[in-house]
Colleague: 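Before we start, here is the structure in question, set down as structure tokens.
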Amino acid sequence: MYEQKQSAQFIGRTKEIETFTHWLDNPDAPWIFFIHDAAEEADKKGGVGKTRLLRKYAEIAQQTHKQIAIVTVDFFNLGDRDRIFLAERVVAGIQQLYPDWLPTSFTTVIQKYRARESGSEAASIPVSSESSDIKIQEEVAAALADDLLDLDTYLAQERKILLIFFDTFERIEQNPRIAVLRPSQFFPDNYQFTNMRVVIAGRNKPDWTQLNWQGREQEVLTLALEPFNQQEMLRMVEVESIYEIPTHSDQEYALYERTEGRPIIIGLAIDVLNHRILTLADLLAVSKAEFESYLVPQVNQIENPLNWVILLMAHVYHRFNFTILEWLLNSVQWSEPLAPITSEELAKALPELSFVRRPSLGDDFVLHDEMRRLVNHYCWEVLDTDKRVRKDISRSIIKYYEQQMEEKLNEEQRQEYIIDALYHHFFVDLDDGLRFFQKYFGPAISLSKTAFARLLLYEGQKFTDNMSIAQRNGLQYAEAALLRAEENPASALSILHQLEKEADPHWFANNQANILTEEGWCYTQQGKLSAALDSYTKALEITRAEGHELHSAQLLRYIGTIFRRRGQFSTALTYFEQSMGLYKKLGRQRDYSTALTEMSIVYRRQGKLEEAMRWCKVAWRIRVELFQHGSVGEDLVGLSLNVLGGIYQDAGNLVEAEKRFREAFDIFLRTNYKAGTAIIYNRLGHIQLLKGDLVGAQEWFLKGQEASREIERDQYINSLNKQGRIRALQQKWSEAIPLFEQAIAIAQQAPDYYQQTESLIDLADALDYLQQKERGQQSLQKAEEISIQENYLDLRGLIEKTRGEINYRNGEYDAAFHHFALYCHHMALYNSSEFSKAVQMVVDALLEVPRERVPALAQEILIYWTTKQLDKSYPELISAFEEVDALMAI
Amino acid sequence: MEVFVNREHELQLIDESFNALLDRKRLLRTPIIEFQGVGGIGKTSLLKQVEQRCQDTQLPFIWIDMNQGAASITREIIKQAKKYVPNDKTALEHSAVQATRVLLEEGPVVMLFDSVDTADQAQLSLIEHLLKDLIEHGKLFVVLASKRALLFQQERSVARKLTALPLQSLDRKNCDLYCENQDHPIEPEVCNLIFEWTRGYPLAMNVMTQAVTSGHDPRTEEGKKAVLELFAERIITQEVLANVPSEEQARYRAVLQLLAVPRRFNLPIMQDLIETFLPEQKRESSLAYFSFPKEINDATAVLNWNMARAGFSIDEPIRHIFLLLLKNEQPARYFAIHGYLAQTNLRLAREFSGSDRVRYVRECLYHTASNTSSPDLEELLAQALQLIFQDHQEPIELFQQFSEEFSQDEELKEALGSHLEVIQAKLTEHRAKMNSKSDEEES
């Protein structure tokens, strides 16, 4: 939290202090206390005294509660917007409460992360090329979760509180997830620490319609902070100014009317009076309408050089300190740099001004956020009409950061400097700003450094008013990409659709393929494969026409993946082959290996296990070589081994499969790839399942669930579903149902339509066993709707199979075999391996029905098959039934 | 003999203070008064008026000129205090505070501090602490004179008791009174010239009346030249540039003279003016101009941010002297700068809207009218005015704002001279049009 000049005594706010103390003392109170400006108008917000009030709260909490640790965070500060840094602060706070608690795992991961950032990690330790915010936060979150489990023993014994203050929340309110460690968690993150209370201060009240706050009214106690009342204003004047204003005087009313009780404006008025720039009479002679515009430029009259240091602070943004001041002074030949005031005197004089803030740590000074706006608007715009001086300042600051960036910096510092410099690049020249923006934004998105990308975008968006439509479109497109990377595809699509309608025609023509590709990614995230396919196909037409081979290769691969997911394997292979050809031509070995792996997966799903094995091994070999040359991380090698294990598993070679999975597991352990380890736990569970060891399988799936919690949603859903299936196999239906329901809820939230549908089918089956038939039908109905919409052939087959089995169990054989025919139909279209299994299953079922029913049921199926003209393409079913018929004709 | 006129308000305040000092039952309402204004505006004369009242009422007083070191201020206070209590040397020599306290035990005391703006931090701190220790006494009356406002930030109790009185130039009436009160009568025609040239700036009036009484007739070329030379020497060199090293004086004079032409300027206008008319003073970048106003003000104390004009400006009395000198010494340059500023403000008026436009149009009119050598004067005036008439965003409000500001801008109206009537007629015509349009809309 930034410090402002402190009055000898805190002024007013009796009611707000009472509310806070009651909240803190009440164990049943909501755990979040949210203070916001009472004013609704944007230009009346800010400067109402939230920061000062927060400091007072912290002071009170410290005095009244012995068992409390306080952490203060100010989102005004770029560093505080870093989720890892925040987690460290919280851990430090918890340690303060429980000195005996040692967050060993957390410390180890953080040390490794910091070492990696500073580049000091030994070369022998493999560093994944997939290093990203997400992966890092996964690791940190998992480590912290481990450590917090140990803390439970302490918590049970004592009642201690960790109180966190978040100031300037408006800086992150659009995307509060940047300050959250665990992907499933909303802001504020409680880090699974139960004894935590949070005070948030922001300009705006919580937006209950925003995803972060939806349905959380009960968790939050809000307080609308009004400006000072007249009595409080008078007290402030009495304490801080050289004037005394009598109570109930005309002067009191006039000053209150003009300042509207806003502490920042009262403070500025006091500064102006104390510096004898204006007398009180002169000040009050200004009309209410002109008061702010008259008062703020009085800053120009504050004695030299304080006045121009204030101006510099307003422009040199986000940080200002004496090093930067000296840099600016040294960048030109000043005749008398700062005479007659020294740095020490300036350091003393600046905080005396009501609107100057300084952090609790470090030597930075900043103008109060609201004052910065006022100074820029009312002072700079008049003083430097064509911005030439500010542009010179910005050029100098850019050079400063360029020089700083040459120093050895950790990632956090580097990002902060880039953000600081970006503002000035934009200020000097919008095109230059956009170039600088793209230089860092693209890689940030690729590496999923979403928090950094969000900060970059935030800077760019400050300049949109001055941008051309095309420049604005560039930023809108970037925002869409960021939203997609933040896994918010719906918002991303909304922007992309808006661009399609309203973008600058020339810009749109140049970027249409990118927009369509981005749309495709968003749809894929949503599981809307048809829409994704449509977008990718249109994009491909453009990239092919324009001769963009790499982009075309990527699109071909994405399209192939969609066909694979739908089970249209031969079509998928066509696309993968084309994609692979282009990668080969372009020498893109890594991408080439990915396409090979994709093809291998297709062959496996087709049951062509030998081909699958060959392709996968080639891809694995390429990845090993790339890893040995340092071109990729070892994770990729591990992922190849995982695919290879799956192929062995399908081939029935469970020993070899397990061996490959364990090799992959070792790699993932080495690289600390938590999501990878979760995948392998589930794989090993599946092996045990195949071996019939339900207890062993359950253990692995449970491990998979723990390892993937808050890290890898796909695997988390998968492990829940598999545990449900184990219960189903054990006929523990009532235990299976909650597991399926949990899997469905998480998949729906993701959304992950495929896994949602899988669990809906399993749930329906379980419900039927418990005689909850109507719910079971509803579940299947929902599953069918999704699988038709997304054209999941295999799942449509499974739905029919389940329906058939339900009918079969009830002795409704006609209906059962009708569904079995549909099941075979879908699986025939899906792949030969699954079709063969379907035929076998139906034949087995047929052999279980009373003998006299067999011919009629078999005939019904054969009629269906022939009517649908499936007999020529898929004669296996006809052959099997004829064979059964012949064999039974005794 | 120095003639003292005007300053009724200031003298009234002093008299009230003396009455309170001399009456045990009354409280001193203004224990610290500060006279503030440019050199030569009459601050020291006012201090002398206070001194005279002390002598008339036999109140002990201490006069300190701040052009001394901190230690000598203490010595001087003790030394002057001793004059009034010669028998109590021990207590007096202890400290300045102690010495003054001894005096205050005997009755009211007046302290006069001149040229406080020249004091360094240590001296200011000394005064601040002295006043903090003594001012609660109730019978100490302190008068300060300074070019800059005094803050006394360290001691709010002192700051709260300070009454600042900024001093302005004399008005026409008092200027006439000043001429009338001279030992040697001054002809009305010459008196007119004195007001026209000095604009009531006391130091300039003194210099000019002295020149007149010593035989220089400003109506003649020779007399005019002599007066202007005296202005340059006594006001510019000896007053404004008094603290500037001699080798720097020519540079500062040139810059001030240039910057005196605009009534207001911001950083880009200052840079453009210097680079166009004083290229030898050009700085390496726009940023290098950022501290230039501070640099000039530190050296001369005449360049400040002018709130009313929303820009930097040279203090009015000094600006007029510079303008007078430039117009007479280098008329072509004088007109060229005005012409340049007229064009600059016209361009800016086109670029900006609202209040900014009003401001630029006024300045454009001022500089256009001042550039009497321009053949396009009338056309330029019309162009500038048209920008106000044509503003579509807030036509009524903007026009009203312009009309109001124009009616109060005496300097502009004077500069417009014979064109004033034309401009006023156009404003009246436009107002009538707007009123009739508004009536139509209402009906």
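Within every chain, numbering begins at 1; the chains are lettered A, B, ... in the order of the sequence lines, protein sequences first and strands thereafter.
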Colleague: Determine whether more than 12 heavy atoms belonging to other residues, nucleotides or ligands lie under 6.0 Å from atom CZ of B:Arg29.
Modeller: no
Colleague: Compare all side-chain heavy atoms of B:Tyr289 with those of A:Asp392 and state whether any distance is below 4.5 angstrom.
Modeller: no
Colleague: How about NZ on B:Lys147, more than 12 heavy atoms from neighbouring residues, nucleotides or ligands closer than 6.0 Å, or not?
Modeller: yes
Colleague: Side-chain contact, heavy-atom cut-off 4.5 Å: A:Arg390 with B:Leu267?
Modeller: no
Colleague: What part of B:Phe265 gets within 4.5 angstrom of chain A, counting heavy atoms only: side chain, backbone, both, or neither?
Modeller: neither
Colleague: Less than 4.5 Å apart, side chain to side chain, heavy atoms only: is that true for A:Asp386 and B:Gln271?
Modeller: no
Colleague: Could you tell me the separation between the CG atom of B:Leu287 and the CG atom of A:Leu312, rounded to the nearest 0.5 Å?
Modeller: 7.5 Å
Colleague: Provide the closest heavy-atom pair for B:Arg160 versus A:Ile242 in the form atom of the first, atom of the second, distance.
Modeller: CG-O, 2.8 Å
Colleague: With only heavy atoms counted, which part of A:Leu311 is less than 4.5 Å from chain B, the side chain, the backbone, both or neither?
Modeller: side chain
Colleague: As an exercise, state the distance from CG of A:Leu383 to CE of B:Met270, rounded to the nearest 0.5 Å.
Modeller: 8.5 Å
Colleague: In this structure, are over 12 heavy atoms from other groups packed under 6.0 Å from B:Glu351 atom CD?
Modeller: yes
Colleague: In Å, rounded to the nearest 0.5 Å, how long is the span from CG of B:Asn266 to OG1 of A:Thr385?
Modeller: 4.0 Å
Colleague: Check whether B:Ile269 gets within reach of chain A through its side chain, its backbone, both or neither, counting any heavy atom under 4.5 Å.
Modeller: neither
Colleague: With a 4.5 Å limit on heavy-atom distance, are the side chains of B:Leu162 and A:Arg276 in contact?
Modeller: yes
Colleague: Mark yes when over 12 heavy atoms from residues, nucleotides or ligands other than A:Gln231 sit less than 6.0 Å from its CD; otherwise mark no.
Modeller: no
Colleague: Could you have a look at A:Pro297, A:Ser241, A:Ser396 and say which one has the most heavy-atom pairs with chain B under 4.5 angstrom?
Modeller: A:Ser241
Colleague: Within the 4.5 Å heavy-atom criterion, are B:Phe290 and A:Leu328 side-chain neighbours or not?
Modeller: no
Colleague: Using a strict 4.0 Å threshold on nitrogen-to-oxygen distance, state whether A:Arg388 and B:Asp272 make a salt bridge.
Modeller: yes
